[in-house]
Amino acid sequence: MDASWFLEILDKEGQLLATAAEEAGVDAPVPACPGWRVRDLLRHTGAVHRWAAGFVADRQAAPRPMDEPPEVDGAELVDWYRDSHRRLLDVLAGAAPDVECFTFLPGAPSALAFWARRQAHETAVHRFDAESARGGAPTPVATDFAVDGIDELLRGFHARGRSRVRTERPRVLRVRVTDADAVWTVRLSPEPPVTVRDGIGDAECELTGPAERLYLALWNRLPVPAVSGDPALAALWRDASAVI
C-alpha cells in the first residue's frame with residue numbers, strides 16, 4: 001500500500017471535485033445524496049479533510065469530532081474547500097512515514113498509508129457526486145484504484161461493529177470484478193460481516209461487474225451491474241450498507 005500513489009490520486013480527485021462543484025453551482029442537487037446540494041457536499045468533504053489532517057499533524061491518538069465548517073457560501077465556499085484539500089495534501093506529504101495517530105479501519109500498514117488511502121477514496125466518491133450534480137460524463141475511476149476501494153469497503157468499513165449488513169442466519173454473498181483478478185466472499189450473520197479475498201465455496205448471491213461500476217455501486221452511487229442468485233442479498237446491501 002503506497003501512500004504516494006494514494007496522494008497523487010487524492011490531489012487529482014480533489015481538484016476535479018472543486019471544479020465540478022464550481023461549474024454546477026452550490027445550489028445544484030446531488031443525485032446520490034438525497035436532500036444534499038453541492039454546498040452540503042463541499043462543507044462535508046472539506047470538514048472531513050481538515051479532520052483527517054488534524055490527526056496526522058497533531059499526532060492525535062484518540063478520536064475527536066469534526067469541526068463545523070464556516071458559514072460561507074458560493075465562490076467563498078469553493079475556495080474554502082480548495083484550501084481544505086490543499087492543507088490535507090500538505091500535511092500528508094510532509095508527514096513522517098512512521099507517524100503514529102488515530103485510525104479507524106483495519107489493514108493499513110501505517111497511519112500515513114491509512115489516511116492517504118481513506119481520503120483518496122472519500123474524495124473520489126464525492127468527486128463523482130459533484131460531477132453528477134454538474135451533469136455530463138463523470139471522470140473514469142481507474143480499475144486498480146476501484147479494486148482497492150472495494151477491498152477497503154468490504155474488509156475495512158464492514159468489518160466494524162457499526163456495519164448494519166447482517167442476516168438472522170448465516171448467508172454468503174460474493175463480489176466479483178470482471179475486468180481484474182479480484183473476488184471477495186462476504187459471510188453474513190447476526191454479527192458484522194466477515195470478508196475474505198477469495199472465491200472459494202458456494203455463494204447464495206453474486207454481484208459482478210467492471211471494477212469501476214462495482215466500486216460506485218457498492219457505495220450506492222450506481223445500480224449493481226449484474227446480480228445472480230438470491231436478489232434479497234443484493235437488496236440487503238442496497239438498504240443496509242450505508243456507512244455510519
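What you see is a predicted model; the values in this text were computed from it and never measured.
Atom OG1 of T45 sits about 6.0 Å away from atom CD of E122, to the nearest 0.5 Å. A distance of 10.0 Å separates OG1 in T195 from CZ in R187, rounded to the nearest 0.5 Å. Interatomic distance, CG of N220 versus SG of C33, reported as 10.0 Å (0.5 Å rounding). Put simply, CZ on R118 and OG1 on T123 are 8.5 Å apart, with the number rounded to the nearest 0.5 Å. The distance from the CG atom of L214 to the OG1 atom of T208 is 7.0 Å, given to the nearest 0.5 Å. For the atom pair Y81 OH and E22 CD, the distance stands at 13.0 Å (nearest 0.5 Å).
When all heavy atoms are compared, the tightest approach of G46 to S84 is O-CB, 3.6 Å. A159 and P192 get closest at one heavy-atom pair: O-CB, 4.0 Å. Taking each heavy atom of I9 and A120 in turn, the nearest pair found is CG2-CB, 4.4 Å. Closest non-hydrogen pair, P193 versus S163, comes out as CD-OG, 3.5 Å. The nearest pair of heavy atoms linking L88 to A52 is CD1-CB, 4.1 Å. The heavy-atom pair separating G149 from W219 by the smallest distance is O-NE1, 4.5 Å.
Not counting sequence neighbours, the partners of D230 by the salt bridge (Lys or Arg N to Asp or Glu O under 4.0 Å) test are R171. In terms of the side-chain contact (heavy atoms from CB on, under 4.5 Å) criterion, residue partners of T19 (sequence neighbours excluded) are, by chain and number, E23, R82. Every residue two or more places apart in sequence or in another chain that forms a salt bridge (Lys or Arg N to Asp or Glu O under 4.0 Å) with R86 is listed here: D11, D90. For L16, the side-chain contact (heavy atoms from CB on, under 4.5 Å) criterion is met by K12, E13, R127, E131, T139, not counting sequence neighbours.
In this structure, the side chains of V99 and F55 stay at 4.5 Å or more apart for every pair of heavy atoms. Within the 4.5 Å cutoff, the side chain of Q119 has heavy atoms near those of the H49 side chain. Between E212 and F128, every side-chain heavy-atom pair lies at or beyond the 4.5 Å cut-off. Counting heavy atoms from C-beta on, the side chains of L233 and L188 come closer than 4.5 Å. Looking at heavy atoms from C-beta onward, V38 lies in side-chain contact with L42 at the 4.5 angstrom threshold. The shortest side-chain heavy-atom distance between L173 and V165 does not fall under the 4.5 Å cut-off. When side chains are defined from C-beta on, V227 does not count as touching W237, because their heavy atoms never get closer than 4.5 Å. Using a 4.5 Å heavy-atom cutoff, the side chains of V72 and D79 are not in contact.
In terms of hydrophobic clustering, with Ile, Leu, Val, Met, Phe, Trp and Tyr side chains grouped at heavy-atom distances under 4.5 Å, V125 and L41 are assigned to different clusters. No continuous path of hydrophobic side-chain contacts links V48 to L77 [ILVMFWY only; heavy atoms under 4.5 Å]. The hydrophobic clustering, which links ILVMFWY residues whose side-chain heavy atoms are closer than 4.5 Å, places V91 and W51 together. Under a hydrophobic-cluster definition in which Ile, Leu, Val, Met, Phe, Trp and Tyr are linked whenever side-chain heavy atoms come within less than 4.5 Å, directly or via other members, M66 and V56 are assigned to the same cluster. In terms of hydrophobic clustering, with Ile, Leu, Val, Met, Phe, Trp and Tyr side chains grouped at heavy-atom distances under 4.5 Å, L222 and V147 are assigned to a common cluster.
Taking the ring centre of F157 as origin, the terminal cationic atom of R162 falls outside the region bounded by 6.0 Å and 45° from the ring axis.
Checked by atom type and distance alone, the side chain of H85 pairs as donor or acceptor with a backbone atom of L10 at under 3.5 Å. One N or O on the side chain of T185 and one on the backbone of D198 form a donor-acceptor pair closer than 3.5 Å. Under the 3.5 Å distance criterion, the side-chain polar atoms of R174 are matched with a main-chain donor or acceptor of G201.
Heavy-atom neighbours of E100 CD from other residues, nucleotides or ligands within 6.0 Å: at or below the threshold of 12. Around atom CZ of R134, more than 12 heavy atoms belonging to other residues, nucleotides or ligands sit under 6.0 Å away.
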Report all side-chain donor-acceptor pairs from residues 101-115 shorter than 3.5 Å, counting only partners two or more places apart or in another chain.
unit_1, atom_1, unit_2, atom_2, d
S110, OG, A113, N, 3.0
W115, NE1, F102, O, 2.8

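Salt bridge annotation for D148-R117: present, with a cationic side-chain nitrogen under 4.0 angstrom from a carboxylate oxygen. In this structure, D73 does not pair ionically with R37, as no charged nitrogen and carboxylate oxygen lie closer than 4.0 Å. Looking at D181 and R197, no side-chain N of the basic residue comes within less than 4.0 Å of a carboxylate O on the acidic one, giving no salt bridge.
Across V196, L207, V177, L153, a single residue satisfies side-chain contact (heavy atoms from CB on, under 4.5 Å) together with W184, and that is V177.
Applying the ring pair (Phe, Tyr, Trp, His ring centres under 6.0 Å) test to every pair with at least one member in residues 16-43, sequence neighbours left out, gives these pairs: W36-H44.
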